[in-house]
K.L.:
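Quick one: structure below, then a few questions.
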Number of protein chains: 4
Amino acid sequence: MTVGTKTKREKLAEREDAIVSAATEAFLEKGMSAAKMAEIAASAGVAEGTLYLYFKNKEALFAAVVARHWESLTEGATAAIAKADSPDDQLEALARYTLRRILADWKLFELSFVLHYPVKEDGVGSDRRGYVRIFDQIVARGIDRGTFAPEADPRLVRDLFFGTIEYAVRSILQTGKNPKLEPVVIMLLTAVRAVLKPGQGQARTPDHAERIEAAVTRLEKLAER
Amino acid sequence: MTVGTKTKREKLAEREDAIVSAATEAFLEKGMSAAKMAEIAASAGVAEGTLYLYFKNKEALFAAVVARHWESLTEGATAAIAKADSPDDQLEALARYTLRRILADWKLFELSFVLHYPVKEDGVGSDRRGYVRIFDQIVARGIDRGTFAPEADPRLVRDLFFGTIEYAVRSILQTGKNPKLEPVVIMLLTAVRAVLKPGQGQARTPDHAERIEAAVTRLEKLAER
Amino acid sequence: MTVGTKTKREKLAEREDAIVSAATEAFLEKGMSAAKMAEIAASAGVAEGTLYLYFKNKEALFAAVVARHWESLTEGATAAIAKADSPDDQLEALARYTLRRILADWKLFELSFVLHYPVKEDGVGSDRRGYVRIFDQIVARGIDRGTFAPEADPRLVRDLFFGTIEYAVRSILQTGKNPKLEPVVIMLLTAVRAVLKPGQGQARTPDHAERIEAAVTRLEKLAER
Amino acid sequence: MTVGTKTKREKLAEREDAIVSAATEAFLEKGMSAAKMAEIAASAGVAEGTLYLYFKNKEALFAAVVARHWESLTEGATAAIAKADSPDDQLEALARYTLRRILADWKLFELSFVLHYPVKEDGVGSDRRGYVRIFDQIVARGIDRGTFAPEADPRLVRDLFFGTIEYAVRSILQTGKNPKLEPVVIMLLTAVRAVLKPGQGQARTPDHAERIEAAVTRLEKLAER
DNA sequence: TATGAATGAGACTTCATTCAT
DNA sequence: TATGAATGAAGTCTCATTCAT
């Protein structure tokens, strides 16, 4: 009976999901260390010991919560930029989505960055990677298409992009109720474009700088041998 | 007896200082929750109970650690921009100083943002204010002098400025050893100016010096291989 | 179908045997309380729940392990004294066998005496009886034949006999590598005979013939290797 | 004030004593693993945490209990043999005392031999040493005085002595109420003397047998290589 | 008979904080 | 003001045992 088999597997998945959900709530409300496993178990509708069948310990459960958050974020962002076409528009869509989403889940987001236990090299934190890749790909495509300057370093602009968004959300939350996102988006795009399209809108004249660059280029060729 | 009085007061101050120093070390090494009051007391050379004569509880001690960090940061920044004259140069000086300093004290900096106990509205976190004000004043002066566009919103640009720096440091620390700060400074200033001087044809082309730097950077990359 | 029936029964027996073997290993390695039912199940190739189909609980399983040990000991001893004829020789054979065997299985032997759960009157411990009976029978036969003094109390000499052996093994194991058993056997027999043959001018030193025979026996064993 | 100073130190000692006493009771009643720290604390009249100011953990507390037992035993034995003069009489006094004492504190005695945690080289168990030394000294003195045969090996006789006593107590406790100690003492002394005074009543001459035995022993050693 | 996921009581231990001295 | 022994609440995790399948 297919149903029976299915049920068995699904039950496990459902349970794990319930646990992670309960844990998310608890961690958000009380923070990592103040949240109690007993409460999480109770609110997930399982016994305490059961938690340890699904997650090795509290930290692992916490990691699962964080991981789920990033996955969800990544999925949402992928969907958000799907509608846009040009790299420029995609960047705008990503900015708007990230801003809104982080604003909504700020506490969870903040939780993601906290290191609670003696620093772990690739534990919590590695989850971000998938999300960041979305940005990198947009920039890469932009460079490919000639929309963005080829010498732009995606890793640098990335800092500009996400750093500004994160800080902006923090400011918004500190300031008060009335969150104005549009000005942030506009500023951010202005800044990002200034960096990704440095040459645009300026007359180009062969000058000292260019001659120096040419010389360096020759140097590079020399060095390559 | 001036000396006697002075000694008495100073002793208290010294002791407080010793405690905060010991606490700083402990918090850095183990994090807020893993650091033990007993150890802090021991390494400060006082009894456990004495800690509570100077600080209400662990959290207050932690707040003191963070506060001292921000004060030191503010002092340093004030000194750093004193040498510069124009708002543009001051911004650059501030960027460079902040970047270097946060890179150096990253752990302490990170500690400052972590919420360890059930969220407290204005506890830890209010310390940042003094530091941020430095940035605001530079921008204000720039607008006064006509260097920056009057319609610029300092609070927005602030997010761009500090957000980028913080994220950049994080990236640098994650990536590896060889921290290249100049590219970040250049990008940051490009972005900030694009926002603060929107009329000026959008972006600023890097001048000779900057382009040479960029070329040299490429040389460095070559040398790395 | 005889075969089918037989197979069925045998399967159960085999399984029980596997469980007891796995348990023995686990108890030896980790001790009673540190050994885990889950591990025992795994290493026996059955599910955890299955253990409880064969043994009521952990304690019962432990008891089975101990019981098997004593049974094996009893069998071995029976065989060992079968070759000897006179009560004197049987006693010597039993001493030598017990000494060797306890030395070999010391940990298991020690396990047999430990009380792990709130003292149980006749649980673990009753297994010894079969083994002890061998000794009693030898003494009884000796008294019958007139070899031993009729007023000797077997229960007392029993303490002398087994107590000395157990302690001697403990000493040997504590001291070091090079276990010299013969001196222990000689002393033990000297003592036992002094008690069992009080009239005979106290103790009986083995005479020339006996000692030479013993030496030759050892030579023969050497030759067997 | 002498009283004040004294009180302070004494308070600690008293407390430690109270804890050890409470622990002894608990361990006797429930065994090592079933005894609960909480109960021990309560019955000692201190907080749970206080236990850990005096003893690192449960195991250390257990070790202290056992150590105190052996110390007390050693003291008692020393006193018991003080009255006797000749090695023979001292041996008898020691036998009688040990028998009575182990019978009285059997459970505690048994506890002393149990290894609860993964075997520890010199933890519990090393306490016995002081007690055993008493026996060794008596024998040594006896040999000095010519009361005991010089070729007697104290370490061997020790096994006879203590092994028999321990087993006898076990038997007595298993059998029933009416503990008859005298027969045991008599038998034990008979046996011990038979071993310690082998020459008595029998001429001993270095003879063929001995030379053969020595030769065989040498052969065995050769075979071992 | 066999399974193994689930249970949940309970144990040890830690450590911020207090308070008598 | 300073001490540091004492407190005791609280938390994580283990593991023998059960029971629905």
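A quick note: this is a predicted structure, and the numbers were derived from the prediction, not measured. Just so we're on the same page: letters track the sequence lines, and every chain starts at 1. Only this structure's heavy atoms are used, side chains among them; waters, hydrogens and symmetry mates stay out.
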K.L.:
Using 0.5 Å steps for rounding, measure from the CZ atom of B/F55 to the CD1 atom of B/I40.
P.N.:
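Separation between the atoms: 10.0 Å.
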K.L.:
Is there any side-chain hydrogen bond (donor to acceptor under 3.5 Å, both in side chains) pair reaching into residues 43-56 of chain C, and which pairs are they, with sequence neighbours excluded?
P.N.:
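Listed once each, the pairs would be none.
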K.L.:
Once you apply a heavy-atom cut-off of 4.0 Å, does A/A41 come out as touching a base, just sugar-phosphate, or nothing?
P.N.:
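It contacts nothing in the nucleic acid.
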K.L.:
Tell me, which of residues 17-29 of chain C have any heavy atom that sits under 4.0 Å from an atom in DNA chain E?
P.N.:
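Contacting residues: none.
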K.L.:
In whole Å, what is the span from the CE atom of A/M32 to the P atom of F/dG11?
P.N.:
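In whole Å, F/dG11 P and A/M32 CE are 13 Å from each other.
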K.L.:
To the nearest angstrom, how far is B/K36 atom NZ from E/dT17 atom C1'?
P.N.:
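Atom NZ in B/K36 sits about 16 Å away from atom C1' in E/dT17.
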K.L.:
What is the distance from atom CD of A/E110 to atom CG of A/D105, rounded to the nearest 0.5 Å?
P.N.:
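The CG atom of A/D105 is 12.5 Å from CD of A/E110, to the nearest 0.5 Å.
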K.L.:
How is the base pairing of DNA chain E summarised as a dot-bracket string, given the Watson-Crick and G-U wobble criteria with both distances under 3.5 Å, [ ] for crossing and | for another strand?
P.N.:
.||||||||||||||||||||
K.L.:
List the steps, then state whether side-chain contact (heavy atoms from CB on, under 4.5 Å) holds for C/L111 with C/H69.
P.N.:
CA-CA 10 Å; C/L111 225 46; C/H69 172 235; over 6 Å; no
K.L.:
Take D/G45 and A/A35, find for each the nucleotide of DNA chain F with the closest heavy atom, and name the residue whose nucleotide sits nearer the 5' end.
P.N.:
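Its nearest nucleotide lies further toward 5', so the answer is D/G45.
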K.L.:
Whole-Å distance between E/dG4 C1' and C/E39 CD?
P.N.:
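That distance rounds to 16 Å.
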K.L.:
Please work out which residues in residues 47-56 of chain B have a non-hydrogen atom less than 4.0 Å from an atom of DNA chain F and list them by number.
P.N.:
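Of all residues in residues 47-56 of chain B, the ones placing a heavy atom under 4.0 Å from DNA chain F are B/A47, B/E48, B/G49, B/T50, B/L53, B/Y54.
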K.L.:
Hey, are the side chains of A/M37 and A/N57 touching, using non-hydrogen atoms and a 4.5 Å cut-off?
P.N.:
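No; the side chains remain at least 4.5 Å from each other.
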K.L.:
F/dC15 P sits how many Å from C/L61 CG, rounded?
P.N.:
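Whole-Å distance recorded here is 16 Å.
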K.L.:
Closest heavy-atom contact between A/M32 and A/K58?
P.N.:
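Looks like O-NZ, 3.0 Å.
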K.L.:
Any heavy-atom pair between the side chains of B/L108 and B/V65 that's under 4.5 Å?
P.N.:
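Of all side-chain heavy-atom pairs linking B/L108 with B/V65, at least one is under 4.5 Å.
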K.L.:
Check the distance between E/dA20's P and D/K11's NZ and give it to me in whole angstrom.
P.N.:
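Taking NZ of D/K11 and P of E/dA20, I get 12 Å after rounding.
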K.L.:
Going by the ring-ring contact (aromatic ring centres under 6.0 Å, His included) test, which pairs reach into residues 10-41 of chain A, not counting sequence neighbours?
P.N.:
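Non-adjacent pairs meeting ring-ring contact (aromatic ring centres under 6.0 Å, His included): A/F27-A/F62.
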K.L.:
Taking the side chain as every heavy atom from C-beta outward, state whether D/W106 and D/R170 have any atom pair closer than 4.5 Å.
P.N.:
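Answer yes - side chains close enough.
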K.L.:
In whole angstrom, what separates D/E59's CD from E/dA11's C1'?
P.N.:
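Distance check: D/E59 CD to E/dA11 C1' gives 16 Å.
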K.L.:
Counting only side-chain heavy atoms from C-beta out, which of F/dC13, E/dT13, F/dT17 sits nearest to C/M37?
P.N.:
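Per side-chain heavy atoms of C/M37, the pick is F/dT17.
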K.L.:
Please list, one pair per line, the donor and acceptor atoms closer than 3.5 Å that link side chains of residues 14-23 of chain C to other protein atoms, with sequence neighbours excluded.
P.N.:
from  : atom 1 : to    : atom 2 : distance (Å)
C/D17 : OD1    : C/R68 : NH1    : 3.3
C/S21 : OG     : C/D17 : O      : 3.1
C/S21 : OG     : C/R68 : NH1    : 3.4
C/S21 : OG     : C/R68 : NH2    : 3.1

K.L.:
Take atom CD of D/E16 and atom C1' of F/dA5, then tell me their distance rounded to the nearest Å.
P.N.:
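So the CD-C1' distance, D/E16 to F/dA5, works out to 14 Å.
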K.L.:
Respond yes when some side-chain nitrogen or oxygen of A/R15 is under 4.0 Å from OP1 or OP2 of E/dA5, and no when none is.
P.N.:
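The answer is no; no side-chain N or O of A/R15 sits under 4.0 Å from OP1 or OP2.
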K.L.:
Within the structure shown, what part of the strands sits under 4.0 Å from D/A42 by heavy-atom distance: base, sugar-phosphate, or nothing?
P.N.:
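Counting heavy atoms under 4.0 Å across all strands, no contact is made by D/A42.
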K.L.:
Starting from the 5' end of DNA chain E, give me the residue, D/N57 or B/A38, whose nearest nucleotide shows up first.
P.N.:
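Going by which nucleotide is closer to the 5' end, it is D/N57.
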K.L.:
Assess whether a salt bridge exists between C/K30 and C/E39, defined as any Lys/Arg side-chain N lying under 4.0 Å from an Asp/Glu carboxylate O.
P.N.:
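Between C/E39 and C/K30 there is a salt bridge, with a charged N closer than 4.0 Å to a carboxylate O.
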